[in-house]
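Take a look at the structure below.
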Amino acid sequence: MKVNITETTDTCKKINWDDMLDSELLDTIPTNKELKGNNTILDKGLHNKNVIHENTGQKRKSKNTELKVKKVRSDSNEEIKQQVPTETCKQGNNKNNHFRKQKYTKAIKNWLSNLEPPTEDITDLDNIVNDSKSSVDIIQQNTHNSHKEKLVIEKTSKTNKKVVQAQLANKDGIMKFSKPQPNAEDTKNINEAVETKPKEKKVKKFVAPIKSQIPVKDITYELHTLDEDNLDDHREGLHEIINIEIIAVLIYSNGFCQLNSHHTDGTCTPDGIIVNSDDMFYCFKGAGQKIKEALKCLLENNTVICYGAQNILSYLKTHLQMDRINPKIYDAKIGASLLEPDNPPENFSDVQKLLSFSAQYTVATECTLQKAAWYMSLLKQCWAKLYAMLAEDNLWKVFVEIEMKLLPIIAGMECRGLCIDMSKLKSMEEVLLNRMKAVEQQCYKAAGKVFQINSAVQVRAILYDELQLDAKCNVRIRETLCKGAKSTSETMLRSLMNEHPLPKLIMEYRHLHKAHATFLAGIAQHIKDGVVRPTWVQTAAATGRIASNNPNLQAIPKAPFDCVMFPEAGDTDNSQLMFRSIYVSRPGFSLVAADFRHVECRVFAHAAADAGLLRALADHPDLFRALAQHWLKKPEAEIVPEERERTKRLVYASLYGAGTRKLMEILDVDYQQALQVAASFNSSAADLCKLAMILSEEQLRTSSPPVDAHLLLQIHDELVWEVNDLHVDRAAAIIKQAMEGCGQWCGMTVPLPVAISTGKDWGSMQTLEN
DNA sequence: CTCTAGACGCTAGG
DNA sequence: CCTAGCGTCTA
């Protein structure tokens with residue numbers, strides 16, 4: 001598509017360049033061209049569709065990627081297995097299945113006409129469990145006296161994989177016959193996921209450009225592209241830039257920069273960095289020695305304003321090997337999300353909206369560098385406004401003292417990443433898959449039919465409609481939030497489990513499946529060269545907490561994982577898995593974990609000045625155990641870990657949610673005030689954890705002789721370092737001291753005990769006493 | 001008819 | 001209460 005630029009200069013209806021660029025991308029652009037060397041004028045046609053996307057927008061994209069990969073793989077795979085249920089003859093108790101049945105049989109007919117007849121017939125269930133190669137799966141219906149068997153046939157076919165979609169299933173969904181993926185494929189997943197990189201070709205939908213009212217000015221910014229050769233020509237100019245505010249923005253190899261990268265999707269590498277001081281723009285490209293020095297000098301001697309500092313820091317680290325530079329940096333993105341924590345802006349135009357800032361003019365240029373320069377001038381104006389607003393809201397201190405200091409630390413965490421023990425991962429997966437297979441078959445047997453255990457709808461239909469377990473157990477089943485259907489959550493299944501074996505099995509299967517999908521296969525997707533590097537998002541949570549994603553290492557189960565949930569009397573195979581033990585330290589290093597003991601509770605106790613809670617904290621080493629004891633009226637020795645966990649959940653939930661209401665009573669203030677107190681409590685707990693990171697990192701850096709320690713993880717109140725074996729004891733002492741000092745720094749009167757533990761892997765950490 | 005985004009359900013973490 | 005993530009199911 002083509003936009004007439006000259007016309008826009010005359011009339012008042014201008015094209016917003018953002019949107020134009022966006023839509024341009026969509027259809028005119030050949031994707032296979034790479035641009036290199038040409039760094040002044042970038043032709044439209046040189047845009048690459050693959051562009052780095054901001055962290056915040058990655059969620060959906062990554063999902064898509066996976067889907068696509070999966071699909072591509074199965075398309076190209078000749079040995080696709082098909083699952084063909086032949087016929088299901090329901091009993092007379094089939095009430096309203098007429099329509100569904102029609103649809104079903106029709107689909108089956110169509111389908112079968114493409115297939116060869118099954119080669120084998122096996123009627124013994126046990127055979128199937130044992131013989132994984134069998135191409136025919138038969139599940140015998142054994143609860144109802146049905147006269148027909150249900151066949152599930154796995155078929156090898158040369159045609160593409162056909163998946164009978166959920167359309168065939170109606171509400172109760174039982175007829176649906178796409179079975180969970182065959183396990184053989186699953187086992188390969190880990191290996192493949194490590195090697196195959198998702199290569200995605202996404203066709204963006206056309207978005208019509210929005211005409212903007214901004215006049216177009218004919219401005220050309222003074223912009224120099226610097227590389228190793230011509231750097232010396234500009235040296236004088238560069239040396240004058242000292243002790244002022246400069247703006248730094250990354251430019252990507254497709255011509256976009258950080259400020260308009262939300263118009264693209266996909267991934268690509270940063271290509272250079274543009275620095276602006278006053279009216280001069282310098283674009284640094286390449287990774288030559290001179291460039292590095294000049295850039296370092298520039299960044300360290302000035303105050304750097306940027307948008308998405310995380311990306312810049314990681315660029316400096318990975319591409320220019322500039323480690324440990326510690327510029328005074330202000331990130332407008334984080335500043336903006338501090339202003340509006342509930343609804344953080346996702347991209348630069350959101351920030352502009354938030355600041356109610358609108359550009360006075362736009363530039364008509366096809367040079368992406370010029371365009372980036374224009375964006376940077378906007379950023380400059382935004383920053384001035386943002387600065388005033390932060391100061392006005394008393395957020396400046398938090399911004400500078402906490403958030404900005406956190407930036408380099410998080411960048412370091414992302415850069416280093418965690419090492420993975422692949423062999424452990426694979427062996428665990430094997431154990432899990434075997435167990436899963438067994439449980440799956442048991443489930444089908446208990447239910448009398450094949451169904452999708454992961455589907456809440458189908459489970460619901462079987463449990464409540466068919467088996468009527470809720471009536472039998474005389475339990476009122478809680479309803480789901482949105483649709484008000486009967487819940488199949490763990491607590492509900494637990495209350496049903498004495499009546500029928502199925503609930504147990506379902507619980508177990510879910511448990512296993514989730515564990516496999518999330519903590520083994522899910523993690524495996526993100527492993528590169530034996531290291532996972534999660535993205536840490538500083539601005540994600542309204543509460544001020546840091547969140548991790550791709551993968552989320554903050555949600556790796558802490559407790560050992562039981563493969564067998566309900567060990568039978570004679571069962572000796574109660575193997576336990578520790579998902580955290582997959583994460584190991586590098587050779588010559590150890591992991592050191594530092595854990596605040598119930599910070600939230602302590603902060604809350606401090607904020608609410610609750611004498612009882614304070615005393616409980618002082619007296620008992622294990623608060624949750626003490627609380628469980630109190631509530632359940634049991635002697636402390638009898639509290640099982642599960643009860644403790646539940647109490648913990650309860651405490652957290654009420655601390656955050658119901659906390660507001662409680663505060664209203666305790667402090668005898670109105671709702672609004674209580675809300676404020678609660679909010680301040682929430683954020684102060686989060687800030688305390690951030691502060692702990694900053695202080696301890698600082699202490700470790702400044703200690704002499706230096707300590708070789710790298711922060712790897714932050715799980716809200718737990719920090720995990722990787723420390724050189726020789727320095728472990730010293731590092732532990734420093735960390736402990738720094739963290740315990742945090743409370744005072746914030747003016748807390750409650751002591752903050754810190755537990756330190758070390759080990760070679762995250763699963764088996766020994767507490768360090770001293 | 002087929003594909004897919006988004007809503008929903010469940011569960012790890014704190 | 002809020003985060004991420006996996007899976008199903010519907011429109």
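Worth saying up front: this structure is predicted, and the values here are computed from it rather than measured. Keep in mind that the numbers below use all heavy atoms, side chains included, and drop hydrogens, waters and symmetry copies. We name chains A, B, ... by the order of the sequence lines, and we start the count at 1 in each one.
- Distance from the side chain of A:Ala547 is smallest for C:dT3 among the nucleotides C:dT3, B:dA12, B:dC10.
- Residue A:Gln525 has its side chain nearest to C:dC6 when only B:dC10, C:dC6, C:dC9 are considered.
- Across B:dG9, B:dG14, C:dT3, the shortest atom-to-atom separation from the side chain of A:Arg580 is found for B:dG14.
- Shown here is A:Arg597, whose CZ atom has no more than 12 heavy atoms of other residues, nucleotides or ligands within 6.0 Å.
- Residue A:Ile556 is classed as a sugar-phosphate contact, given heavy-atom separations below 4.0 Å to backbone atoms only.
- Side-chain atoms of A:Thr543 lie closest to C:dC2 of the nucleotides B:dG14, C:dC9, C:dC2.
- Scanning both residues, A:Leu719 and A:Gln714, for their nearest heavy atoms gives CD2-CG, 3.3 Å.
- Protein atom CZ of A:Phe604 is 15 Å distant from nucleotide atom P of C:dC1, rounded to whole Å.
- Relative orientation of the A:His511 and A:Phe561 rings is parallel, given thresholds of 30° and 60° on the angle between their planes.
- The pair A:Glu490-A:Arg494 meets the salt-bridge criterion, with a side-chain N (NZ, NE, NH1 or NH2) lying under 4.0 Å from an Asp/Glu carboxylate O.
- Here C:dG5 presents its C1' atom at 12 Å from CG of A:Leu553, a figure rounded to the nearest Å.
- Regarding contacts with the backbone of B:dC10, a side-chain N or O of A:Thr488 is found under 4.0 angstrom from either OP1 or OP2.
- The CD1 atom of A:Ile506 sits 15 Å away from the C1' atom of C:dG7 (whole-angstrom rounding).
- Rounded to an integer number of Å, the gap from A:Glu490 CD to C:dC6 P is 20 Å.
- When the nucleotides B:dG14, B:dA12, C:dT8 are ranked by their closest atom to the side chain of A:Ala555, B:dA12 comes out on top.
- Picking from C:dC9, B:dG9, B:dG14 the nucleotide with the shortest atom distance to the side chain of A:Val457 gives C:dC9.
- The nearest whole Å value for the distance from the OH atom in A:Tyr652 to the P atom in B:dG13 is 11 Å.
- Summarising the geometry, atom CG belonging to A:Leu496 is positioned 5.0 Å from atom OH belonging to A:Tyr464; distances are rounded to the nearest 0.5 Å.
- Of the listed nucleotides (B:dC10, B:dA12, B:dG14), B:dG14 has the atom at the smallest distance from the side chain of A:Asp717.
- Among the atoms of the strands shown, none is found under 4.0 Å from any heavy atom of A:Glu718.
- When distances run from any side-chain atom of A:Lys483 to the nucleotides B:dC8, C:dC9, B:dT11, the shortest one goes to B:dC8.
- A stacked arrangement is not assigned to A:Phe519 and the six-membered base ring of B:dA12, the conditions of a centre distance below 5.5 Å and an interplanar angle below 30° not being jointly met.
- Side-chain nitrogen and oxygen atoms of A:Lys648 include none within less than 4.0 Å of the OP1 or OP2 phosphate oxygen of B:dG13.
- The phosphate of C:dC6 has neither OP1 nor OP2 within less than 4.0 Å of any side-chain N or O from A:His513.
- Set against C:dA4, B:dG13, B:dC8, the side chain of A:Pro557 has B:dG13 as its closest nucleotide.
- Shortest non-hydrogen contact noted between A:Pro503 and A:Leu469 is CG-CD1, 3.9 Å.
- Considering only side-chain atoms of A:Lys558, the nucleotide from B:dG13, C:dC6, C:dC9 that sits closest is B:dG13.
- Distances shorter than 4.0 Å separate none of the side-chain N or O atoms of A:Gln554 from OP1 or OP2 on C:dC2.
- The partner of B:dC3, taking Watson-Crick or G-U wobble pairs whose two distances both stay under 3.5 Å, does not exist in any strand shown.
- Between the CD1 atom in A:Ile453 and the OH atom in A:Tyr444 there is a gap of 4.5 Å [rounded to 0.5 Å].
- Between A:Met492 atom CE and B:dT11 atom C1' there is a gap of 15 Å when expressed in whole angstrom units.
- Contacts of A:Arg545 with the nucleic acid, taken as non-hydrogen atoms under 4.0 Å apart, include base atoms.
- Atom C1' of nucleotide B:dG9 and atom CZ of A:Arg510 are separated by 8 Å, given to the nearest angstrom.
- Summarising the geometry, the separation between CG on A:Asp342 and C1' on C:dC2 is reported as 12 Å, rounded to the nearest angstrom.
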